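Beneath this line is the structure, given in structure tokens, with notes to follow.
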There are 2 protein chains.
Amino acid sequence: MNTEERIKKQRELIEKIGLYFDKEGFQPIAGRILGLLMVMDKEQFTFDEIVEELQISKSSASNALKNLEIREDIEYITLPGDRKRYFQVRKQDKFTLIKGFEKKMRQSMDMFDCILSLKADKNSSNAVFLKEMKDTMEFVLTQLNKLIEESEK
Amino acid sequence: MNTEERIKKQRELIEKIGLYFDKEGFQPIAGRILGLLMVMDKEQFTFDEIVEELQISKSSASNALKNLEIREDIEYITLPGDRKRYFQVRKQDKFTLIKGFEKKMRQSMDMFDCILSLKADKNSSNAVFLKEMKDTMEFVLTQLNKLIEESEK
DNA sequence: TAAATAGTTTATAAAAAACCGAACCAAATA
DNA sequence: TATTTGGTTCGGTTTTTTATAAACTATTTA
């Protein structure tokens with residue numbers, strides 16, 4: 001595969017990644033920006049380069065970038081004597097990644113707890129089911145944290 | 001807390017759960033139906049009961065229920081000599097739950113692989129980062145499967 | 001056979017999200 | 001001081017999503 005082909009495939013991949021992020025709840029343009037910053041060989045893009053590369057308006061870019069920054073998915077660096085911002089994907093470490101899973105799982109677990117606390121019959125079909133799901137999640141999280149502790153040593 | 005208070009809180013919780021599912025990408029009414037089926041003491045609802053309880057139109061109910069069924073979040077049972085369908089949450093077992101995590105994680109991992117395979121420089125900042133994320137996920141999945149195997153014994 | 005039940009489908013209205021262009025602003029440069 | 005650069009904000013348009021009412025269908029009951 002020569003460079004030209006590769007770059008063409010990268011541009012196609014940006015679209016696929018965009019769709020993936022759409023499903024994750026990102027706005028379409030935000031997903032494509034994130035895709036751009038992830039796949040291309042060049043890994044830092046200025047505002048204007050993003051606008052140009054994705055063929056979007058400056059306002060769309062401005063909004064999407066602000067969003068991605070707030071979500072901590074991207075960040076930017078600046079260079080001395082250069083007013084431009086250079087955007088890049090924000091690299092989290094593996095512990096942050098796992099903490100992310102944990103946070104999402106805890107949300108479900110909290111919801112299950114709320115439901116359980118309001119059930120008249122704690123042995124009802126749903127109550128038993130929710131309790132089991134919650135316990136499974138608790139178990140997974142405990143084991144995961146054990147693994148982290150071990151790997152920290 | 002008396003029964004009346006409890007039921008009032010359950011109705012409020014349905015709204016909260018609805019919002020949670022909205023963020024997960026469910027359509028609003030689908031999220032509320034799922035909430036209803038999860039939180040109330042009564043754990044099976046007919047079509048008309050759902051329409052009545054949530055104050056929604058029959059067509060909205062029909063669509064949302066079809067959706068939830070396709071996603072395998074709910075199911076219904078029928079009773080002999082009764083044309084009505086009784087909807088309830090579909091209970092997955094803990095292995096299915098974990099398989100669900102795994103499937104979602106594999107999606108990210110596949111995406112990372114696609115990106116990596118198109119990178120000119122496998123030691124670029126993003127390439128190294130994506131590789132590390134992927135390896136972490138791989139590790140988590142392996143450990144998780146080990147746990148499952150052990151618990152199956 | 002007529003009417004009721006248990007929904008589905010269709011057409012459409014209303015609301016929200018996405019996106020754009022143009023005007024705008026602040027800092028740097030000419 | 002005027003212009004350029006690097007954006008942001010505002011107002012409006014387009015698109016998509018959500019939800020409805022009304023018409024319809026298929027089965028059962030009277």
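Quick caveat: nothing in here was measured; it's all calculated off a predicted structure. Throughout, protein chains are lettered first and strands after them, A, B, ... in sequence-line order, and every chain is numbered starting at 1.
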For the pair made of CD1 in B:I50 and P in C:dT8, what is the distance, rounded to whole Å? 11 Å
By the 4.0 Å heavy-atom rule, please label A:K58 as base, sugar-phosphate, or nothing. base
Do A:M40 and A:I14 have side chains that get closer than 4.5 Å, going by heavy atoms? yes
B:F47 atom CZ is separated from C:dT8 atom C1', nearest whole Å, by 8 Å
Could you tell me which non-hydrogen atom of B:M133 sits nearest to which non-hydrogen atom of A:K94, and how far apart they are? CE-N, 3.9 Å
Report, as yes or no, whether the 6.0 Å neighbourhood of atom CD on B:E152 holds more than 12 heavy atoms from other residues, nucleotides or ligands. yes
Rounded to the nearest Å, what distance is computed from the CZ atom of residue B:F87 to the C1' atom of nucleotide C:dG7? 9 Å
Between A:S60 and C:dC20, does any side-chain N or O lie under 4.0 Å from OP1 or OP2? yes
Ignoring hydrogens and angles, tell me if any N or O in the side chain of A:R6 forms a donor-acceptor pair with the backbone of B:L118 under 3.5 Å. yes
Looking only at side chains, do B:Q88 and B:E43 share a donor and an acceptor under 3.5 Å apart? no
Check whether any side-chain heavy atom of A:Y20 lies under 4.5 Å from a side-chain heavy atom of B:M111, and answer yes or no. yes
Distance in angstrom units between A:I33 CD1 and C:dA18 P, rounded: 13 Å
I'd like to know if the side chain of A:Q27 pairs up with that of A:N63 as donor and acceptor (distance under 3.5 Å, no hydrogens or angles considered). no
Min and max contacting nt of DNA chain D in 5' to 3' order, chain B heavy atoms within under 4.0 angstrom, are D:dT18 to D:dT28
Can you see whether A:F129 has A:K131 sitting over its ring - NZ or CZ less than 6.0 Å from the centre and within 45° of the normal? no
Distance in angstrom units between B:Y76 OH and C:dG7 C1', rounded: 11 Å
Value in whole Å for how far the C1' atom of C:dC20 lies from CD of A:Q55: 13 Å
Please confirm whether the backbone N or O of B:A127 pairs with a side-chain atom of B:K122, one donor and one acceptor, at under 3.5 Å? no
Considering just the side-chain nitrogens and oxygens of B:R85, establish if one lies under 4.0 Å of OP1 or OP2 belonging to C:dA6. no
In whole angstroms, the gap separating P of C:dT8 from CG of B:D48 amounts to 11 Å
Should B:K66 be listed as having a side-chain N or O under 4.0 Å from OP1 or OP2 of C:dT9? yes
Positions of residues 15-31 of chain A (non-hydrogen atom under 4.0 Å from DNA chain C), listed by number: A:Q27, A:P28, A:I29
Distance-only, no hydrogens or angles: does the B:D22 side chain make a donor-acceptor pair with backbone N or O of B:G31 under 3.5 Å? no
Between A:Y76 and A:F87, is the gap from one ring center to the other below 6.0 Å? yes
Measure from NZ or CZ of B:K99 to the centre of the six-membered ring of B:F95 and say whether it is under 6.0 Å with the direction within 45° of the ring axis. no
Sub-3.5 Å pairs of nitrogen or oxygen atoms, protein against nucleotides 27-30 of chain C:
| residue | atom | partner | partner atom | Å |
| --- | --- | --- | --- | --- |
| C:dA27 | N3 | A:R83 | NH2 | 3.4 |

For B:L65 and C:dG7, what is the distance between atoms CG and P respectively, to the nearest whole Å? 9 Å
